Amino acid sequence: MKRKRIIIMGAAGRDFHNFNCSFRDNPVFRVVAFTAAQIPYISKRRYPAELAGKLYPHGIPIFPEEELGELIRRLRAEQVVFAYSDVSHERLMHIASRVLALGADFLLMGPDATMLRSRLPVVSVCAVRTGCGKSQVVRYFCDILRERGVRPVVVRHPMPYGDLAAQAVERLEGLADLDRFRCTIEEREEYEHLLDHGAIVYAGVDYRRILRRAEREAKLIIWDGGNNDLPFFRPDLEIVVVDPLRPGHETSWYPGEVNLRRASVVVMNKVNAAEPAAIEAVAAAVRSANPSALLVRTASVITVVEGERIRGKRVLVIEDGPTITHGSMPSGAGLAAARQHGAAEVVDPRPWAQGSLREVYGAWPHIGPVLPAMGYSTAQVADLARTMEAVPCDLVVAATPIDIARLTGTGKTVLRASYAIGEGEGEPLREAFESFIQTRQL
């Protein structure tokens, strides 16, 4: 039987999950390549044989997405599966047009084909864009569970940027596990703050195995989405976060609009920082796309320990990397905190950017006068540390969720800006979550 030849376009996450769900051990198809985008240093690897299954004894090569056209021709691909997130509708259709022009099918895989069922209750927290505030909501839920004497178990969207076989199933319970799994800065940003809130965190590559492991010790599973991707597990309560600082994005980015239309609860975060007209525009879009969803408005409350030290100082602001790169935000909580506490000057780090950080500013020209906490490799962490040392400033305001001073070894004073959900109007988000867990008798 002739096997249909497939290329899966990805970014080291959804692509591997789709393969594991529908193509591994499936004799109807032959996946001839993965492509990689968005994240540096993740191409020119192989999806290893021990994860790919018996049909792929040599694994599957991973190429840069820039080579897609040549790969379709050379590998005689008949179908291209698009499998990553946070892509504008316009760009997605340009990609599809390139593929179709070369004669191949272009496929988007839906939730029924890719969501795994759990024997436990699942609450998913996803978003319409990167940087809406999913992490704040997940931490909020972790704290509610701990109040009830339940240890949170969070399964995080994948970020396997290193040795894929070694990262197949990752269980993290303490900071030492971040070192044991050789986590990048981007992975630490997603895991460390959850560990600080008492959660056990699972992540990796093989989410069927991850689910079975998590089920052994959880009473409820919280799915913590990445970018604006769909959940990998079928949720019993589907929560989606929207951002009034980017009105219009809730219905113009893939697959964020899918999340919005599926949601049981829509959380409009950052209402304390947005213009009233933008808040109402997003609310109208939510009502139009998903009129049955509960719409909850929350503030994103920024705090800085010893924030008074910022006043009158020249500061370097460090922000969460993905939020201000492919999340399209020029800045984040760090710049807001610096201004809130009266910084005399926010020093633009561009003139002092070292090594790969110069390339980041070139690739993402919308970035404001802030330094993204990029660290997808040991060399890039070193570039970040050298940039921090080079910028002439009195202190650093860091809004990344990790201890950047410990990781980079900087001698400069670093004040950490944190941000958390602030509820009003009777705490409807808490009520919705508590009502759900009460019905599950937790």
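Please read these numbers as outputs of a predicted model, since none were measured by experiment. For the numbers below, each heavy atom of this structure counts, side chains included, while hydrogens, waters and symmetry mates do not.
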Review point. Under 6.0 Å from the CZ atom of R117, do we count more than 12 heavy atoms belonging to anything else shown?
Key: no
Point to revise | Any donor-acceptor N or O pair under 3.5 Å, side chains N269, Y419 | key: no
Point to revise | Nearest atoms (heavy-atom pairs only) where V360 meets T325 | key: CG1-CG2, 4.2 Å
Listed pairs under 3.5 Å, donor-acceptor, residues 27-37 side chains, sequence neighbours left out:
none

Check your understanding: Are E170 and R180 within salt-bridge range, i.e. N to O under 4.0 Å?
Key -> no
Review point. Is it the case that more than 12 heavy atoms not belonging to R440 sit under 6.0 Å from its CZ atom?
Key: yes
Study note, to complete from the structure: Hits for side chain to side chain contact (heavy atoms under 4.5 Å, CB included) against S264, two or more places apart or cross-chain, chain-then-number order -> L237, E238
Exercise for review: Please name all residues satisfying side chain to side chain donor-acceptor pair (under 3.5 Å) with E189, sequence neighbours left out, ordered by chain then number.
Suggested key: T400
Check your understanding: What residues form a side chain to side chain contact (heavy atoms under 4.5 Å, CB included) with A83, not counting sequence neighbours?
Key -> I8, R14, D15, N18
Check your understanding: Backbone N or O of D86 within a donor-acceptor pair of the N228 side chain at under 3.5 Å?
Key -> yes
Check your understanding: Is a donor on one side and an acceptor on the other found under 3.5 Å between the side chain of R139 and the backbone of L194?
Key -> no
Point to revise | For D196, side chain to side chain donor-acceptor pair (under 3.5 Å) partners two or more places apart | key: none
Practice item. Classify the angle between the aromatic ring planes of F19 and F23 as parallel (below 30°), tilted (30 to 60°) or perpendicular (above 60°). Key: parallel
Practice item. Would you check if the distance from the ring center of W223 to the ring center of Y207 is below 6.0 Å? Key: yes
Exercise for review: Check whether more than 12 heavy atoms from other residues, nucleotides or ligands sit under 6.0 Å from atom CZ of R287, and answer yes or no.
Suggested key: yes
Atom pairs and distances, donor-acceptor, side-chain atoms in residues 326-337, under 3.5 Å, two or more places apart:
from, atom 1, to, atom 2, distance (Å)
H326, NE2, N227, OD1, 3.2
S328, OG, R129, NH2, 3.1

Practice item. Determine whether the side chains of S300 and Q136 contain a donor N or O and an acceptor N or O closer than 3.5 Å. Key: yes
Check your understanding: Is it the case that E187 and T184 place a side-chain donor and acceptor less than 3.5 Å from each other?
Key -> yes
Review point. So do the side chains of L68 and V99 get within less than 4.5 Å of each other, counting heavy atoms only?
Key: yes
Exercise for review: Write out all pairs satisfying salt bridge (charged side-chain N to carboxylate O under 4.0 Å, His left out) with one or both partners inside residues 46-63, taking only residues at least two apart or from two chains.
Suggested key: D25-K54
Practice item. State which residues pass side chain to side chain donor-acceptor pair (under 3.5 Å) with R416; sequence neighbours excluded, sorted by chain then number. Key: none
Check your understanding: Cut-off 3.5 Å, side chains only: do T303 and S418 have a donor facing an acceptor?
Key -> yes
Review point. Heavy-atom distance under 4.5 Å between the side chains of L107 and D105, does that happen here?
Key: no
Study note, to complete from the structure: residues 173-193 vs ring-ring contact (aromatic ring centres under 6.0 Å, His included), sequence neighbours excluded, gives none
Review point. Would you say E250's side chain and G248's backbone share a donor-acceptor pair under 3.5 angstrom?
Key: yes
Review point. Which residue pairs pass the ring-ring contact (aromatic ring centres under 6.0 Å, His included) test when at least one of the two sits in residues 122-166, sequence neighbours left out?
Key: F141-F433, H157-F232, Y161-Y376
Revision key, fill the gap. For R73, the side chain to side chain contact (heavy atoms under 4.5 Å, CB included) test, sequence neighbours excluded, returns E70, L102
Exercise for review: List in chain and number order the residues that pass side chain to side chain contact (heavy atoms under 4.5 Å, CB included) with E90, two or more places apart in sequence or in another chain; answer none if no residue qualifies.
Suggested key: S88, H94
